[in-house]
Amino acid sequence: MTDIKAIDKQYVANTYARFPVELVSGKGSLVYDEKGKEYIDMGSGIGVTAFGIADEEWQKAVIEQLGKLQHMSNLYYTQPCAILAKMLCEKTGMKKVFFTNSGAEANECVIKAARKYAFDKKGADYYTIVTLENSFHGRTITTLAATGQEHYHELFQPLTPGFVYAKANDFEDVKAKALENKTAAIMMECIQGEGGVIPLEQDFVKAVADFAKKEDILLIFDEVQTGNGRTGELYAYMNYGVEPDLVSTAKGIAGGLPLGAALMGEKTEFSLGYGDHGSTFGGNPVSCAGAISIISRIDRKLLDEVKAKGQLIKDTLTGAPGVEAITGMGLMVGIKTVKPAGDVVNECMENGVLCLTAKDKVRLLPALNIPTDLLMKALEVIKAACA
Ligand SMILES: *Cc1c(COP(=O)(O)O)cnc(C)c1O
């Protein structure tokens, strides 16, 4: 048998500390390794396979598009891209969408749109973007700069200038940082995902939104991880009753195909004009066809099920031996464990459940449609591993 692990170790760049498991196939929320061992998938990639593996409706949409047109340059109109943009705008009230291939690229786009808006409105020196400490916005040199975690920065200097970090849930600090600098935008994740599944407080988000509006500073939400139904609303900002000027998203949007989107509101819909931005693969018709299948099915009923399953996770794990706290919203869950999170994840894997970590927490991002019986079965394994 070909030793895939050895080949991978030799030839794939050394950037991923992989688990010693080779996954070969799956169906829904179940995945199988090369020996045929079954796992319940509580990570769905990292919140990517929104309706699980090989979901039939999604697969049909993707295969149908593959048979028609797998790619066309953005010099021409194509149907899936236009239909998906319309769907996203109608469901959010945003005005325009720019499609990308990844979360980092979606963030690059909202950052460019924000700087262009401020350039046009206030002048070239209004380029600062305030982000939060402990945030995560991506791996490119600019989105690393946006990421408010020093240890991501150290080895890659100089990063793109113009980013300033404020304390999460500290409105006075955000306000001070925004006023000390010539600020174009404030950018936040409603729930800091990579930072440890930490939701922002309601009052803080509302205060920032009101302040930003008053000062004509743009409000950007990075919904790369929290978006597309993950928290029990289509986008997590909808849990907070605020209206952003720009939203970036990716991960779950196309059910497992590479796609990102930058959503632009009333203020910013015309910020980027002809030639100001582009992407060869962005808005790929196959990815967009997959995304239409996903986004069209994220309705109130599904979102309420996401909330109910999130509550079920909380109810099952709260107070369990070895569990200190549960954080998150909907099916974006952090578990603060007494044991090191990595040890819990390894034990779960041995017992047929795939989980993620985020900082010191065990992180769960299961498929939005994970069947309740599988979810309960996984929770029993997780509970035992935490004890
Ligand atoms: C994953 C993530 C990104 C980066 O997305 P990529 O697709 O890996 O570039 C950016 N922001 C947040 C909040 C994320 O969770």
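Just so we're clear, the structure is a prediction, and the values are computed from it rather than from any experiment. Counting starts at 1 for both ligands and their atoms, in listed order.
Ion pair K307/E233 flagged as a salt bridge, since at least one NZ, NE, NH1 or NH2 atom sits closer than 4.0 Å to an Asp/Glu carboxylate oxygen. Salt bridge annotation for K301-E305: present, with a cationic side-chain nitrogen under 4.0 angstrom from a carboxylate oxygen. The pair K177-D173 counts as a salt bridge, with a side-chain nitrogen and a carboxylate oxygen less than 4.0 angstrom apart. A salt bridge does not link E38 to K27: none of the charged nitrogens lies less than 4.0 Å from a carboxylate oxygen.
Close approach of ligand 1 to Q225 is summarised as follows: ligand atoms under 4.0 Å from at least one heavy atom of the residue are 15 (O). Close contacts of ligand 1 with S102, meaning ligand atoms under 4.0 Å from a residue heavy atom, involve 7 (O), 9 (O). The D222 neighbourhood of ligand 1 comprises atoms 10 (C), 11 (N), 12 (C), 13 (C), with distances under 4.0 Å to a heavy atom of that residue. Close approach to G103 involves these atoms of ligand 1, each under 4.0 Å from a residue heavy atom: 5 (O), 6 (P), 7 (O), 9 (O).
Within the 4.0 angstrom cut-off, atom 9 (O) of ligand 1 has one or more protein heavy-atom neighbours.
Atom CZ of F119 sits in a sparse spot, with 12 or fewer heavy atoms from other residues, nucleotides or ligands closer than 6.0 Å.
Residue-level proximity to ligand 1 for N107 is carried by the side chain, the only part with a heavy atom below 4.0 angstrom. Here E189 has side-chain heavy atoms under 4.0 Å from ligand 1, and that is the only part of it that gets that close.
Ranked by closest heavy atom to atom 4 (C) of ligand 1, the top entry among S248, P258, A104, G47 is A104. For atom 15 (O) of ligand 1, the choice among Q192, E194, E223, K251 with the nearest heavy atom turns out to be K251.
H71 and F281 have perpendicular rings, their planes meeting at more than 60° on a 0 to 90° scale where under 30° would count as parallel.
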Do D120 and K116 pass the salt bridge (Lys or Arg N to Asp or Glu O under 4.0 Å) test, and can you show the C-alpha distance, the side-chain angles, and the key distance before you say yes or no?
CA-CA 6 Å; D120 291 341; K116 177 65 165 33; 3.1 Å; yes

